[in-house]
2 protein chains.
Amino acid sequence: MTAAQLSIGDLARDSGVKVQTIRYYETIGLLPVAERSAGNQRRYSEAHRERLRFLRHARELGFTLDQIRSLLSLSESPDMPCEQADRIAREHLETVEQRLERLKTLQTELQRMLRQCAGGKVEDCRVIEVLSDHTLCATEHGHREVAETPAET
Amino acid sequence: MTAAQLSIGDLARDSGVKVQTIRYYETIGLLPVAERSAGNQRRYSEAHRERLRFLRHARELGFTLDQIRSLLSLSESPDMPCEQADRIAREHLETVEQRLERLKTLQTELQRMLRQCAGGKVEDCRVIEVLSDHTLCATEHGHREVAETPAET
DNA sequence: CTTGAACCTACAGTGGCTGTAGCTCCTATC
DNA sequence: GATAGGAGCTACAGCCACTGTAGGTTCAAG
């Protein structure tokens with residue numbers, strides 16, 4: 001059943017992963033190479049669909065592509081102990097928790113900065129002032145521990 | 001006083017910003033072009049030092065280089081109202097708070113995953129299972145709202 | 001004068017995509 | 001069967017904020 005052979009667009013709609021991203025996953029070997037139609041277009045099976053869903057879900061949970069690569073290959077050997085999978089998840093959780101700590105500190109500091117700014121001229125601006133002088137900060141943020149990161153989306 | 005004319009290495013040690021990064025800031029116009037010694041090496045003044053400290057501090061607080069560009073140019077017009085600086089800081093705070101929310105959700109979900117895993121075989125692994133099936137999740141994470149980001153350092 | 005650390009430029013690589021240019025292919029309608 | 005336009009194809013550049021490398025030059029101490 002369901003031998004539907006999806007096009008890349010179908011797969012994109014199904015999984016919520018963009019067409020280009022699906023092709024990207026193929027080029028980096030995360031998604032197995034798809035068969036092609038007579039006119040050289042990719043045709044996907046149910047197995048691809050499942051793998052891509054796994055991929056997407058793991059990305060949503062913030063795993064890196066490298067971690068996902070490991071998790072995917074683990075999921076293909078059902079008889080192995082799941083220590084490794086656990087370790088990857090625990091490591092990721094730790095990363096997430098470190099980032100949380102860092103972001104909470106930033107939040108506090110930014111709130112403080114904004115609360116203290118009376119909204120006058122730049123000359124007296126607390127925001128600018130604090131940025132110019134770290135000793136005005138309440139906390140020891142940064143210092144190359146866990147740094148900030150740009151946002152996706 | 002202090003007309004010391006620092007080398008790029010001195011400046012790096014002073015600010016905690018790496019030599020290459022200082023050069024990078026110059027090429028993208030965040031740090032004014034430095035004078036050069038007879039042998040073509042960069043020589044920095046006190047003004048550079050202050051600007052770089054501002055830069056570093058703002059980076060530690062997670063502002064983007066574009067935001068810092070604006071903040072720096074604002075800090076050079078002390079007579080302007082500080083609305084803009086405030087707006088930038090508020091926007092950044094919002095970003096930070098969105099990321100915090102997102103990370104808290106991830107933390108919860110990862111903890112749940114790990115707690116439920118009995119540590120047997122991959123076949124029965126809760127980690128792998130949850131990744132394969134989003135409906136096993138307690139929360140609606142992801143879906144292209146505010147996504148995860150890689151870590152610096 | 002020699003050594004070696006620090007400096008210089010130019011460019012490639014990181015992660016995880018995203019966007020563009022310039023094609024070809026597929027399908028629905030006329 | 002012709003045509004239009006949406007979907008697909010490849011190849012490659014760009015994003016952010018750096019970081020690292022190669023291969024050369026300059027500087028300061030001994």
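Keep in mind the model is a prediction, meaning the values are calculated, not measured. Numbers restart at 1 for each chain; the letters A, B, ... are given by sequence-line order, proteins then strands. Because only heavy atoms are used, hydrogens play no part in the values below, and waters and symmetry mates are left out as well, while side chains stay in.
The shortest non-hydrogen separation linking A:H57 to B:L131 is ND1-O, 3.2 Å. Taking all atoms of both residues into account, the shortest heavy-atom contact from B:V122 to A:L74 is CG1-O, 3.3 Å.
Two residues, A:K18 and A:R43, neighbour DNA chain C, and the one matched to the more 5' nucleotide by heavy-atom proximity is A:K18. Across the interface with DNA chain D, nearest-nucleotide mapping of B:L65 and B:R23 shows B:L65 to be the residue nearer the 5′ end.
The distance from atom CG of A:D66 to atom P of C:dG15 is 7 Å, rounded to the nearest whole Å. Atom CD1 of A:I22 and atom C1' of C:dG19 are 16 Å apart (whole Å). The CD-P distance, from A:Q5 to C:dC26, rounds to 14 Å in whole Å. Counting to the nearest Å, the P atom of D:dC27 and the CG atom of B:D10 are 14 Å from each other. Atom pair B:Y24:OH and C:dA10:P shows a separation of 17 Å (rounding to whole Å applied). When rounded to the nearest whole Å, the span between CD of B:Q20 and C1' of C:dT14 equals 14 Å. Distance B:L11 CG to C:dA6 P: 15 Å, rounded to the nearest Å. Counting to the nearest Å, the P atom of D:dG14 and the CD1 atom of B:I28 are 16 Å from each other.
Considering only heavy atoms from C-beta on, A:R56 stays 4.5 Å or farther from A:Y25 through its side chain.
Side chain of A:Q67 to backbone of A:T64: a donor-acceptor contact under 3.5 angstrom is found.
The side chain of B:R59 approaches D:dC18 more closely than any other nucleotide in the set D:dC18, D:dG8, C:dG16.
The side-chain hydrogen bond (donor to acceptor under 3.5 Å, both in side chains) analysis of residues 7-16 of chain A, with sequence neighbours excluded, yields the pairs A:S7-A:D10, A:D10-A:R13, A:D14-A:R49, A:D14-A:R53.
Within the structure, a side-chain polar atom (N or O) of A:Y25 is placed less than 4.0 Å from OP1 or OP2 of C:dC17. Residue A:T21 places at least one side-chain N or O closer than 4.0 Å to OP1 or OP2 of C:dT18. Within the 4.0 Å cut-off from OP1 or OP2 of D:dG8, at least one side-chain nitrogen or oxygen of A:S7 is found.
Of all the residues in residues 30-42 of chain A, A:S37, A:G39, A:Q41 reach under 4.0 Å from DNA chain C with at least one non-hydrogen atom.
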Report, one line per pair, each donor and acceptor closer than 3.5 Å where one atom sits in a side chain of residues 105-118 of chain B; sequence neighbours left out.
unit_1 : atom_1 : unit_2 : atom_2 : d
B:T105 : OG1    : B:E101 : O      : 3.0
B:Q107 : NE2    : A:E97  : OE2    : 3.0
B:T108 : OG1    : B:K104 : O      : 2.9
B:E109 : OE1    : B:A138 : N      : 3.3
B:E109 : OE1    : B:T139 : N      : 3.1
B:E109 : OE1    : B:T139 : OG1    : 2.6
B:E109 : OE2    : B:R112 : NE     : 3.2
B:E109 : OE2    : B:A138 : N      : 3.2
B:Q111 : NE2    : A:E97  : OE2    : 3.2
B:R112 : NH2    : B:L136 : O      : 2.4
B:Q116 : OE1    : B:R126 : NE     : 2.4
B:Q116 : OE1    : B:R126 : NH2    : 2.9

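With A:R42 as reference, A:E26 is the one residue of A:H48, A:E26, A:E35 to meet the side-chain hydrogen bond (donor to acceptor under 3.5 Å, both in side chains) rule.
Looking at heavy-atom distances under 4.0 Å, B:I8 makes contact with sugar-phosphate atoms alone, never a base.
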